[in-house]
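Note on naming: letters A, B, ... go to the chains in the order of the sequence lines (proteins, then strands), and numbering restarts at 1 for each one. Predicted, not measured: the structure shown is a model, and the values here were computed from it.
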Amino acid sequence: MPSKDHCWKAEHNMSEIPKAYEPQAVESKWYQFWLAQECFTADPKSAKPAFSMVIPPPNVTGILHLGHVLNNTIQDILCRKARMEGQEVLWLPGTDHAGIATQVVVEKRLKKEEKISRHDLGRERFVERVWQWKNKHGGIIIDQLKKMGCSCDWTRERFTMDADYSRRIAKVFVDLYGKGLIYRGKRMVNWCPVSQTALSDEEVIMKPQNGRLYHFKVEVDGEPGVFLTIATTRPETIPGDTAVAVNPKDPRYAQYIGKKVVRPLPAELPREQKLIPIIGDEAVEFSFGTGVLKVTPAHDKVDFEIGKRHHLGFIEVIGPSGLMNDLAGQELKGLDRFAARKKANEKLQELGAWVKEENYQNNVGFSERADVPIEPRLSEQWFLKYPSQAAAREVVSRGELRFFPDRWAKVYEHWLANIQDWCISRQLWWGHRIPVWYKGAEIKCQVESPGPEWTQDTDVLDTWFSSWLWPFATMDEATLAKFYPTTALVTAPEILFFWVARMIMAGFEYTGQKPFRDVYLTGIVRDKQGRKMSKSLGNSPDPLDLIAKFGADALRFGVMRSAPLGQDLLFDEQHVELGRNFCNKLWNACRYRQMQGGEAEGEINPALLSDEDKWILLKLDAAIQQINDAFSEYRFSEVVQVLYRFFWNEYCDWYVESTKAVLNGHDAASKANTLAVIDFVLSNTLRLFHPFLPFITEELWHGMGYSADLPATQGGKTIMTARWPKPLGQDFKEHYLLDESNERLVDAKHEFIVQGRNLRREANLQSGKKVKYVFKAVNETSAQDLEVLRLLLNADPLELDPNYQPPKGTPGVHSSLGDLFLPLAGLIDTVAEKARLTKALDKIQSEIEHINQRLNNPAFTAKAPPQVLDDHRNRLAEWQAKQKQTQAALEALAG
RNA sequence: GCGCGCUUAGCUCAGCGGCAGAGCAUUACCUUCACACGGUAGGGGUCGCAGGUUCAAACCCUGCAGCGCGCACCA
């Protein structure tokens, strides 16, 4: 171990155990230990069953944000639990090269630091500089994942630009080309004028915009004085119009089909060059705008299709960077497309063609990366017809590949049903260059260059074209044999189409199998007002700051506690604080145990078990069952909730408090037995918490000595391989004589104690002050039981008097164990107490009426199942007993 | 426009036919020898609205409203 263990002394010297848990030293110590012991390294030769996941590779330019924290904590939890269940676990990490993002980062840096552009360097030297940058800064997010405690197999870390991975991508391209699924064509694509590259449909975000709808008129050729009015949002594209279209069924305009109109722009052109045909096309809506559509085949997807149908000209008037070109005319040329819009509108006014303009809300596609409106643009690109579509659909529809939550299956299905070919080429320098070679008119598609006289295609592939191979291209043969298909995938729903769906298709196409069995889609992390985390809002806390302040375990716990399946996570630093508090509670519960000394994990003697001992063992059993059920359906927040309730409310609040009756006493055998129960419960608790809180549980596992007698591979070396708790089972329960009666009895005690404490509060007695109570017990009460009650009531003394006759005005409560009195007449605010009891009586009476109403309904008694009828009758009896007691208490007060 | 979710305590959410729940926040009291990063006890709800099915509805069905998301898109 690299640093000295100053946090916990094995010799149980309480003064040396800090009162509060201090995570920093503990976390770095154990992470180093796990790495040194190769605890995360997967062994393909292992005989254990395999459990595997691949990490959604974060961008190599990325830094850790809360989305990563959520996503990777979930993955780590699954891996750590799987290891404890005895599976051989592979969690394969890595990063992707993030074509556009990385290229932009390096370009900006060059510009800032050296005042040069990538063109100044040329392609080869620029790519070298990106590699330099990657080698220097690309590991940041990996280090951050380690800080979180992620148990990835770092010996298998992959990068999408690794040589062998890149080669695999090229081979896949060649294969798909050979199958005729990849083709090149001049199409209308989504062009990003900032990045100056084509984008796939998935990278375009539609956003509602407050724009203007401009109306202008054009004169019909040969019919002086006859004008058609056209509505458009983009007057700057008028110079690129090559037709005007109307619906052939539109009686207003059908007569003009075949005639021509005069396009107003560019104004300087001679009239003959501006004559464009009026065509009839069904795509034109009667009711939209004026019913007359200007057709700009080179700058609009729909117009492009119309242009092809009618063999129109394609006039490109906007260049790759979004600037108007020469064909746009002398007035617009050189202007940015938005400046040109304004200018074009002014020009229409000048020409007298302008009719009106109005506010108009429409949806405009934005480049996801650069956040500017994309420009539909005609260009030569590579496209892919998706392979293995049918297999990808069937595997989900047959339930062999499941989504959690399952509603994503419908979204997936819908996307696949309406799938469009994928534009896979990008006009970038950073990425996998397309393996296509040219010599004159000859083309070859192959991995290696056919020879020096051949030149390679200049485009690179979409980054997602590399990550869709991630689940198998990252693995060597032995690893594939053992760990593929992977067990689960955990990712954000935003990349369901980008990544998940494509991986499924690639999986079938290249391995003949699905790439994973379960897909868990996380929620989106938002701030507490429900807004998405964003840099510009500044509402995105740095997880590393949170780790420094509260500890990694606290961050993990806080995030997981508030992340229900299928819901977004509204992040608040308070959640992390709660996690910190929880760790501290766990720490102190263990500290309490350590302060008692004695043998660690002694044997439990069934004969010496108290009702409380049996109760906590039964609660542990129930918690384990609930936890395992919740885990099987990835309901993590429920797991956390159960653990929280079990440990804090059941174990700490009730059980630990009750043990003080024994541990402060003098019965050595009972003491030892209680300590054995405590150790049993704590050892199970630490193991149940380990996937969520890896660091503190490891520290306590060793500090408490629970690792001492175990084999190295089953918890002796690290809690990571300790056995995952199983429900206690029938044999265990029989051996230790555990049954429901223990549970009922202790529950009754708790109810009795709460009522007794409430009496104190009603009397305005300080909760810390010891007061005398009198207990009129129904049954025989053992000295130990009495001591538990005394302690938990903070009574001194607790008089046991079966024949007690309380003086008039003595407040008291009734329970199944007997009556409890607080003989302090005069200290009670009788008016307030009376009011409280009257209010309670009202409630009791309304409950009784409510139940009676039902029981008196013949239809109810005839049709309700007997069980329900019994429940109602029992409940009625309970309320009636309460009513009697409350009435008696009221009378006692009045007296 | 089509589709999918959500609407329960001040907040975040469980519950999905048979006594309306948790955590946080809040109120009062308490530095008691595991923990004030703590303890004890409270208060707080017409389960979005309107119909229907049922002995019984937060829960099932229908309609409506509001919020969110996805897909498509009309210039």
Side-chain angles (χ1 to χ4, degrees), chain A residues 14 17 19-21 206 213-214 230-234 237 245 283-285 287-296 300-303 306 360 362-363 405 407-408 410-411 414-415 417-418 493-494 496-497 524 528 530 550 554 561-562 564 566-570 572 574-575 577-596 635 637-638 640-641 644-645 648-649 652-653 656-657 660 664 753-755 757-762 764-770 792 794 836 847 850-851 854 857-865 867-869 871-872 875 878-879:
Chain A
M14 99 172 232
I17 304 169
K19 272 176 83 165
Y21 172 56
M206 299 306 280
L213 190 60
Y214 305 90
I230 301 173
T232 180
T233 54
R234 302 199 65 188
T237 62
V284 182
E285 299 265 338
S287 56
F288 187 87
T290 59
V292 186
L293 173 68
K294 68 192 256 323
V295 183
T296 326
D300 184 279
K301 265 187 183 168
V302 174
D303 293 5
I306 296 175
Y360 179 65
N362 64 340
N363 288 323
R407 68 185 147 86
W408 290 108
K410 286 182 197 158
V411 179
H414 185 255
W415 183 76
N418 297 284
E494 293 125 324
L496 181 62
F497 312 137
I524 296 165
K528 60 178 163 180
F550 299 108
R561 215 183 85 89
S562 46
Q567 299 288 137
D568 287 351
L569 179 151
L570 270 61
D572 187 340
Q574 275 190 352
H575 296 151
E577 198 178 334
L578 180 102
R580 193 258 328 246
N581 296 354
F582 188 86
C583 290
N584 193 54
K585 188 79 176 175
L586 187 59
W587 179 262
N588 275 289
C590 289
R591 186 164 162 259
Y592 168 77
R593 163 63 188 93
Q594 286 303 76
M595 286 164 60
Q596 309 302 326
R635 299 194 308 262
S637 68
E638 187 181 323
V640 179
Q641 205 180 326
Y644 189 101
R645 192 207 62 222
W648 200 306
N649 302 126
C652 290
D653 289 349
V656 168
E657 292 307 317
K660 289 175 183 174
N664 294 341
I753 289 159
V754 169
Q755 286 193 73
R757 286 167 173 170
N758 192 15
L759 276 180
R760 172 199 293 269
R761 144 110 179 151
E762 294 302 329
N764 272 326
L765 290 169
Q766 297 179 340
S767 57
K769 200 173 163 186
K770 295 206 184 317
L792 295 185
N794 199 22
R836 183 186 73 88
E847 289 289 343
H850 191 220
I851 300 171
R854 284 203 181 179
N857 179 356
F860 175 70
T861 47
K863 294 196 178 178
Q867 171 73 48
V868 173
L869 265 171
D871 285 350
H872 278 71
R875 228 155 57 219
E878 275 167 34
W879 284 115

Which listed nucleotide (B:C4, B:A75, B:G18) is nearest to the side chain of A:Phe860?
B:G18
Which residue, A:Asp653 or A:Lys19, contacts RNA chain B at a nucleotide closer to its 5' end, judged by nearest heavy atom?
A:Lys19
Is RNA chain B part of any stem, that is, at least 3 consecutive Watson-Crick or G-U pairs with both distances under 3.5 Å, and where?
B:1-7 with B:65-71, B:10-13 with B:21-24, B:26-30 with B:38-42, B:48-52 with B:60-64
Salt-bridged, A:Arg875 to A:Glu878, with N to O below 4.0 Å?
no
Please determine if a side-chain N or O atom of A:Lys660 lies less than 4.0 Å away from the OP1 or OP2 oxygen of B:A34.
yes
Name the nucleic acid region contacted by A:Asn362, choosing base, sugar-phosphate or nothing; use a 4.0 angstrom heavy-atom cut-off, strictly under.
sugar-phosphate
Sugar-phosphate only, base, or nothing, as touched by A:Asn857 at under 4.0 Å among non-hydrogen atoms
sugar-phosphate
A:Val868 and A:Phe860, any side-chain heavy atoms less than 4.5 Å apart:
yes
Donor-acceptor pair under 3.5 Å: do we get one between A:Arg761's side chain and the base of B:C29?
no
With a 4.0 Å cut-off on heavy atoms, is A:Cys652 in touch with a base, just the backbone sugar-phosphate, or nothing at all?
base
Among B:U12, B:C19, B:A75, which is the nearest nucleotide to the side chain of A:Trp879?
B:C19
From C-beta outward on A:Tyr644, which listed nucleotide comes closest to its side chain: B:C24, B:G38, B:C74?
B:C24
Separation of B:G18 C1' from A:Gln867 CD (nearest whole Å)
10 Å
Using a heavy-atom cut-off of under 4.0 Å over every strand shown, decide if A:Ile851 touches base, sugar-phosphate, or nothing.
nothing
With sugar-phosphate meaning primed atoms plus P, OP1 and OP2, does A:Val295 contact a base, only sugar-phosphate, or nothing at under 4.0 Å between heavy atoms?
nothing
Between A:Leu213 and A:Asn362, is any pair of side-chain heavy atoms under 4.5 Å apart?
no
Does some side-chain heavy atom of A:Leu792 sit less than 4.5 Å from a side-chain heavy atom of A:Arg757?
yes
Let's see if you can work this out: which of B:C4, B:C74, B:G23 has an atom nearest to the side-chain heavy atoms of A:Leu578?
B:G23
A:Glu577 CD to B:G23 P, in whole Å, measures 17 Å
Can you find a pair of side-chain heavy atoms, one from A:Glu657 and one from A:Asp653, that are under 4.5 Å apart?
no
With a cut-off of less than 4.0 Å, is there a side-chain N or O of A:Lys410 near OP1 or OP2 of B:G5?
yes
For B:A20 and B:G45, measure between their C1' atoms and round to the nearest Å.
8 Å
Would you mind reading off the distance between A:Leu586 atom CG and B:G38 atom C1', rounded to a whole angstrom?
15 Å
Report the nucleotide, chosen from B:C74, B:A75, B:C24, that has the shortest atom-to-atom distance to any side-chain atom of A:Tyr360.
B:A75
With rounding to whole Å, what would you report as the distance between B:C67 and B:A25 at their P atoms?
31 Å
Taking the same atom, C1', in B:G1 and in B:C19, what whole-Å distance lies between them?
47 Å
Could you tell me whether the phosphate oxygens of B:A75, OP1 or OP2, come under 4.0 Å of any side-chain nitrogen or oxygen in A:Tyr214?
no
Hey, does A:Thr296 have a side-chain heavy atom less than 4.5 Å from the side chain of A:Thr232?
no
I'd like to know if A:Gln596 reaches the base of B:A34 with its side chain such that a donor and an acceptor end up less than 3.5 angstrom apart.
no
Under 4.0 Å between any heavy atoms, over every strand shown, what does A:Pro865 touch: base, sugar-phosphate, or nothing? Just pick one.
base
To the side chain of A:Arg757, which of B:A41, B:G23, B:A75 is closest?
B:A41
Which value, in whole Å, describes the distance between the C1' atoms of nucleotides B:C30 and B:G48?
42 Å
Side-chain N or O of A:Asn758 closer than 4.0 Å to phosphate OP1/OP2 of B:U40
no
Taking the C1' atom in each of B:U62 and B:G21, what is the distance between them to the nearest angstrom?
29 Å
Please give, in whole Å, the distance from B:A34 P to A:Arg593 CZ?
14 Å
Length of the CZ-P vector between A:Arg234 and B:C74, whole Å:
12 Å
A:Leu293 side chain, from C-beta outward: closest of B:A72, B:A75, B:C35
B:A75
For atom C1', what is the distance between B:G44 and B:A28, given to the nearest Å?
15 Å
Can a donor-acceptor pair under 3.5 Å be found between the side-chain atoms of A:Asn584 and the base atoms of B:C35?
no
Whether A:Trp408 contacts B:C71 is assessed here as follows: a side-chain N or O lying under 4.0 Å from the phosphate OP1 or OP2. Is that the case?
no
If you check every side-chain atom of A:Phe288, which of B:C74, B:U12, B:G18 has the closest atom?
B:C74
Using the C1' atom as the reference point in each nucleotide, state the distance between B:A58 and B:C6 in Å, no decimals.
14 Å
Of A:Glu657 and A:Val411, the one whose closest nucleotide on RNA chain B sits nearer the 5' end is A:Glu657
Is the shortest side-chain heavy-atom distance between A:Phe582 and A:Arg561 below 4.5 Å?
no
Between A:Leu578 and A:Tyr644 the two heavy atoms that sit nearest each other are CD1-OH, 4.1 Å
If I pick the C1' atom on B:U8 and the same atom on B:C16, what distance separates them, to the nearest angstrom?
12 Å
Heavy atoms under 4.0 Å, any strand shown: does A:Glu285 hit a base, just sugar-phosphate, or nothing?
base
Could you tell me if the side chain of A:Arg234 sits less than 4.5 Å from the side chain of A:Asp300, heavy atoms only?
no
Of the nucleotides B:C24, B:C74, B:G18, which one has an atom closest to the side chain of A:Val868?
B:G18
Rounded off to whole Å, could you give me the CG-to-P distance for the A:Leu759 and B:G42 pair?
11 Å
note: A:Asn649, atom CG; B:A22, atom C1'; distance rounded to Å ~ 9 Å
A side-chain contact here means heavy atoms from C-beta on lying under 4.5 Å apart; do A:Arg591 and A:Gln594 qualify?
no
A:Lys301 NZ - B:A72 P separation (whole Å):
9 Å
Out of B:A34, B:C55, B:A41, whichever nucleotide has its closest atom nearest the side chain of A:Val754:
B:A41
